[in-house]
Student: 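Could you have a look at this structure, given as structure tokens, before my questions?
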Amino acid sequence: MSEIISVENLVEIYSDGTKAVDGISFKVQEGEFFGFLGPNGAGKSTTIKVLTTLLRKTSGGVKVVGLDLDRSAKDIRPLIGVQSQETVVDGDLTGRENLILQGNLHDMKGKELETRVDELLKLVEISEAADRRAAYYSGGMKKRLDLASSLVHKPKLLFLDEPTTGLDPQSRATIWSYLSRLNKQEGITIFLTTQYLEEADRLCERLSIIDHGQIVASGTPQELKQEIGADAITLTVEGTNGGKEKARNILAAVGGVGNIVDTEAGLTVYAKDGSSLVPDIVRALDSSGVRLSSINLSRPSLDDVFLKHTGHRIRPEELVRPPSRMGRWGRRGR
């Protein structure tokens with residue numbers, strides 16, 4: 001497979017001096033489902049804006065669909081689709097009219113556009129509501145229509161910036177199904193940013209974990225979890241931070257305990273055979289007068305990978321934004 005995105009030492013510094021992206025490098029192969037996983041403020045959306053020509057980079061080398069970003073931005077735009085965090089659906093138009101408008105912006109007309117609109121309405125399962133005003137669509141339906149709008153012109157590469165933020169679990173799962181189908185059946189390369197661990201784990205063939213503008217780990221979800229190489233035992237203790245520090249010292253002396261990570265909620269211990277170690281941990285703490293509020297054993301997750309590299313866990317935030325009346329940029333002339 002050939003590279004469809006190549007990024008070398010990308011830096012983005014805002015006018016107020018904030019370094020939103022701090023020298024990241026990565027590659028995406030054609031046909032791949034690739035992801036950026038990280039919390040709000042990690043640099044995910046900034047990177048997407050640079051790659052989709054919406055934001056001028058400070059420095060670094062970027063190629064998208066084989067074209068140099070600095071020299072060929074106008075040539076890149078017709079080859080990519082973008083679904084941003086904000087749903088850019090015009091509520092005064094019907095679902096069908098929204099898609100026709102996007103097609104017109106790409107010089108698509110007549111039977112070609114009519115056929116494509118029907119295909120997309122069927123894909124995202126809003127054919128029965130196609131001639132209703134989009135203002136009356138549910139949040140999930142608007143997201144699906146927004147996704148369809150980004151696909152009208154049959155892009156080679158689709159950028160999705162936190163596409164399921166704010167959706168209920170059922171609507172989120174529905175979007176996941178569409179995205180998997182687009183990638184596997186239609187061969188569209190997808191670059192996804194997300195703060196949802198399950199979303200990254202289920203959809204991405206390969207991902208990079210990003211925090212504070214830097215990539216801290218990369219690989220397949222399975223490779224990243226195997227990197228932990230141990231079960232996770234998460235515990236909280238009663239009392240003040242003094243009790244927490246005492247617990248850490250006791251745990252460090254328990255045979256079989258590997259890495260110990262301090263978290264806001266308590267302590268996370270990594271061990272090869274966590275199930276057999278839990279009784280030893282409980283006895284050691286109890287004999288030293290440290291009382292446990294809770295203890296939990298789990299297999300390694302992407303959250304554990306994030307914790308290992310950053311010292312904190314991802315806390316997804318549901319973003320609430322006012323409806324946007326702006327058209328999708330994709331489109332032409334910018």
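Heads up: numbering here begins at 1 and tracks the sequence.
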Student: Quick one: sort the Phe26 and Phe34 rings into parallel, tilted or perpendicular, breaks at 30° and 60°.
Tutor: parallel

Student: Treating Ile, Leu, Val, Met, Phe, Trp and Tyr as nodes and any side-chain heavy-atom pair under 4.5 angstrom as an edge, say whether Val21 and Val11 lie in one connected cluster.
Tutor: no

Student: Whether the Ser301 and Asp303 side chains hold a donor-acceptor pair (N or O, under 3.5 Å, no angle test) is what I'd like checked.
Tutor: no

Student: Please evaluate residues Tyr270 and Asp304 with respect to the criterion side-chain contact (heavy atoms from CB on, under 4.5 Å), reporting the C-alpha separation (whole Å), side-chain torsions for both, the decisive distance (0.1 Å), and the verdict.
Tutor: CA-CA 9 Å; Tyr270 294 101; Asp304 292 312; 3.1 Å; yes

Student: Between Ser293 and Glu238, is there a side-chain heavy-atom distance shorter than 4.5 Å?
Tutor: yes

Student: Can you see which heavy atom on Arg206 is nearest to which on Glu32, and at what distance?
Tutor: NE-OE2, 2.7 Å

Student: Look at Lys57 together with Asp70 and state whether they make a salt bridge at an N to O cut-off of under 4.0 Å.
Tutor: yes

Student: Kindly indicate whether the side chain of Thr94, heavy atoms from C-beta on, has any atom under 4.5 Å from the side chain of Arg132.
Tutor: no

Student: Examine distances only and state if a side-chain atom of Ser288 and a backbone atom of Ala284 form a donor-acceptor pair shorter than 3.5 Å.
Tutor: yes

Student: Would a 4.5 Å heavy-atom cut-off, applied to side chains only, mark Asp211 and His309 as touching?
Tutor: no

Student: Taking the side chain as C-beta and beyond, is there a heavy-atom pair between Tyr178 and Glu125 under 4.5 Å?
Tutor: yes

Student: Provide the closest heavy-atom pair for Leu235 versus Val237 in the form atom of the first, atom of the second, distance.
Tutor: CD1-CG1, 4.2 Å

Student: Would Ile260 and Ile281 show up in the same hydrophobic cluster when neighbours are defined by side-chain heavy atoms closer than 4.5 Å?
Tutor: yes

Student: Is it the case that the side chains of Thr87 and Asp146 hold a donor-acceptor pair, with the cut-off being a distance below 3.5 Å and no angle test?
Tutor: no

Student: Roughly how far, to the nearest 0.5 Å, is the CD1 atom of Ile228 from the CG atom of Asn259?
Tutor: 8.5 Å

Student: Taking atom NZ of Lys63 as the centre, does the number of heavy atoms from other residues, nucleotides or ligands within less than 6.0 Å exceed 12?
Tutor: no

Student: Of the non-hydrogen atoms in Pro221 and Asp201, which two are nearest, and what is the gap between them?
Tutor: CB-OD1, 3.3 Å

Student: Thr189 and Glu30: side-chain donor and acceptor closer than 3.5 Å?
Tutor: no

Student: Could you measure the distance from the OG atom of Ser59 to the CD atom of Glu8? Nearest 0.5 Å is fine.
Tutor: 12.5 Å

Student: Any chain of hydrophobic side-chain contacts (each under 4.5 Å) joining Leu147 to Leu123?
Tutor: yes

Student: In sequence, state the C-alpha distance, the side-chain angles, and the governing distance for Glu119 and Arg116, and then conclude on salt bridge (charged side-chain N to carboxylate O under 4.0 Å, His left out).
Tutor: CA-CA 5 Å; Glu119 288 175 353; Arg116 182 59 174 163; 3.2 Å; yes

Student: At what distance, to the nearest 0.5 angstrom, does NZ of Lys27 lie from CD1 of Ile5?
Tutor: 11.5 Å

Student: Does either side chain, that of Thr193 or that of Asp161, offer a donor lying less than 3.5 Å from an acceptor on the other one?
Tutor: yes

Student: Do Leu207 and Leu192 pass the side-chain contact (heavy atoms from CB on, under 4.5 Å) test, and can you show the C-alpha distance, the side-chain angles, and the key distance before you say yes or no?
Tutor: CA-CA 9 Å; Leu207 59 89; Leu192 168 81; over 6 Å; no

Student: Quick one: are Phe306 and Leu197 in side-chain contact, heavy atoms under 4.5 Å?
Tutor: no

Student: To check you understand the geometry: which heavy-atom pair defines the closest contact between Gly213 and Ile24, and what is its length?
Tutor: O-CG2, 3.3 Å

Student: With a cut-off of 6.0 Å (strictly less than), are more than 12 heavy atoms of other residues, nucleotides or ligands near NZ of Lys308?
Tutor: yes

Student: Considering only heavy atoms from C-beta outward, does the side chain of Met108 approach that of Gln102 to under 4.5 Å?
Tutor: no

Student: For the side chain of Thr115 and the backbone of Glu112, is there at least one donor-acceptor N/O pair under 3.5 Å apart?
Tutor: no

Student: Is it the case that the side chain of Ser25 and the backbone of Asn9 share a donor-acceptor pair, with hydrogens and angles ignored and the cut-off at 3.5 Å?
Tutor: yes

Student: Closest approach of Leu158 and Leu182, non-hydrogen atoms and distance?
Tutor: CD2-CD1, 4.3 Å

Student: Do Leu55 and Val7 land in one hydrophobic cluster if side-chain heavy atoms of ILVMFWY residues count as linked below 4.5 Å?
Tutor: yes

Student: Would you give the length of the straight line joining atom CD1 of Ile190 to atom NZ of Lys184, rounded to the nearest 0.5 angstrom?
Tutor: 8.5 Å

Student: For the pair Thr220 and Glu205, evaluate side-chain contact (heavy atoms from CB on, under 4.5 Å) and give the outcome as yes or no after the intermediate values.
Tutor: CA-CA 6 Å; Thr220 69; Glu205 297 170 69; over 6 Å; no

Student: Does the plane of the ring in His106 sit parallel, tilted or perpendicular to the ring in His153? Use 30° and 60° as the thresholds.
Tutor: parallel

Student: Taking the six-membered ring of Tyr196, is NZ or CZ of Arg172 closer than 6.0 Å to its centre and within 45° of its axis?
Tutor: yes

Student: Regarding Lys244 and Asp262, does a basic nitrogen lie under 4.0 Å from an acidic carboxylate oxygen?
Tutor: yes

Student: Drop me the distance from Arg144's CZ to Gln83's CD, to the nearest 0.5 angstrom.
Tutor: 12.0 Å

Student: Among Glu199, Glu162, Lys44, find the residue that satisfies the side-chain hydrogen bond (donor to acceptor under 3.5 Å, both in side chains) test when tested with Thr194.
Tutor: Glu199

Student: Test Leu285 against every option in Ile250, Val254, Asp280 by the side-chain contact (heavy atoms from CB on, under 4.5 Å) rule and name the one that passes.
Tutor: Ile250

Student: So which atom in Gly140 and which in Ser171 form the shortest heavy-atom distance, rounded to 0.1 Å?
Tutor: CA-OG, 4.1 Å

Student: In the structure I gave you, are the side-chain heavy atoms of Thr53 and Leu69 within less than 4.5 Å of one another anywhere?
Tutor: yes

Student: Decide side-chain contact (heavy atoms from CB on, under 4.5 Å) for Val305 and Leu37; before the verdict, give the C-alpha distance in whole Å, the side-chain angles of both, and the deciding distance to 0.1 Å.
Tutor: CA-CA 11 Å; Val305 179; Leu37 172 65; over 6 Å; no

Student: If you measure from CZ on Phe36 to OG1 on Thr47, what distance do you get to the nearest 0.5 Å?
Tutor: 5.0 Å

Student: Closer than 4.0 angstrom, basic N to acidic O: yes or no for Arg299 and Asp231?
Tutor: yes

Student: What do you reckon, is CZ of Arg56 surrounded by more than 12 foreign heavy atoms closer than 6.0 Å?
Tutor: no

Student: Got a salt bridge between Arg291 and Asp286, using NZ or NE/NH1/NH2 to carboxylate O under 4.0 Å?
Tutor: no

Student: Checking the side chain of Asn183 only, and the main-chain atoms of Gly31 only, is there a donor and an acceptor separated by less than 3.5 Å?
Tutor: yes

Student: Please check if Leu101 and Tyr136 belong to a single hydrophobic cluster, counting links between Ile, Leu, Val, Met, Phe, Trp and Tyr side chain heavy atoms closer than 4.5 Å.
Tutor: no

Student: Do Val261 and Leu267 come within less than 4.5 Å of each other through their side chains, counting heavy atoms only?
Tutor: no

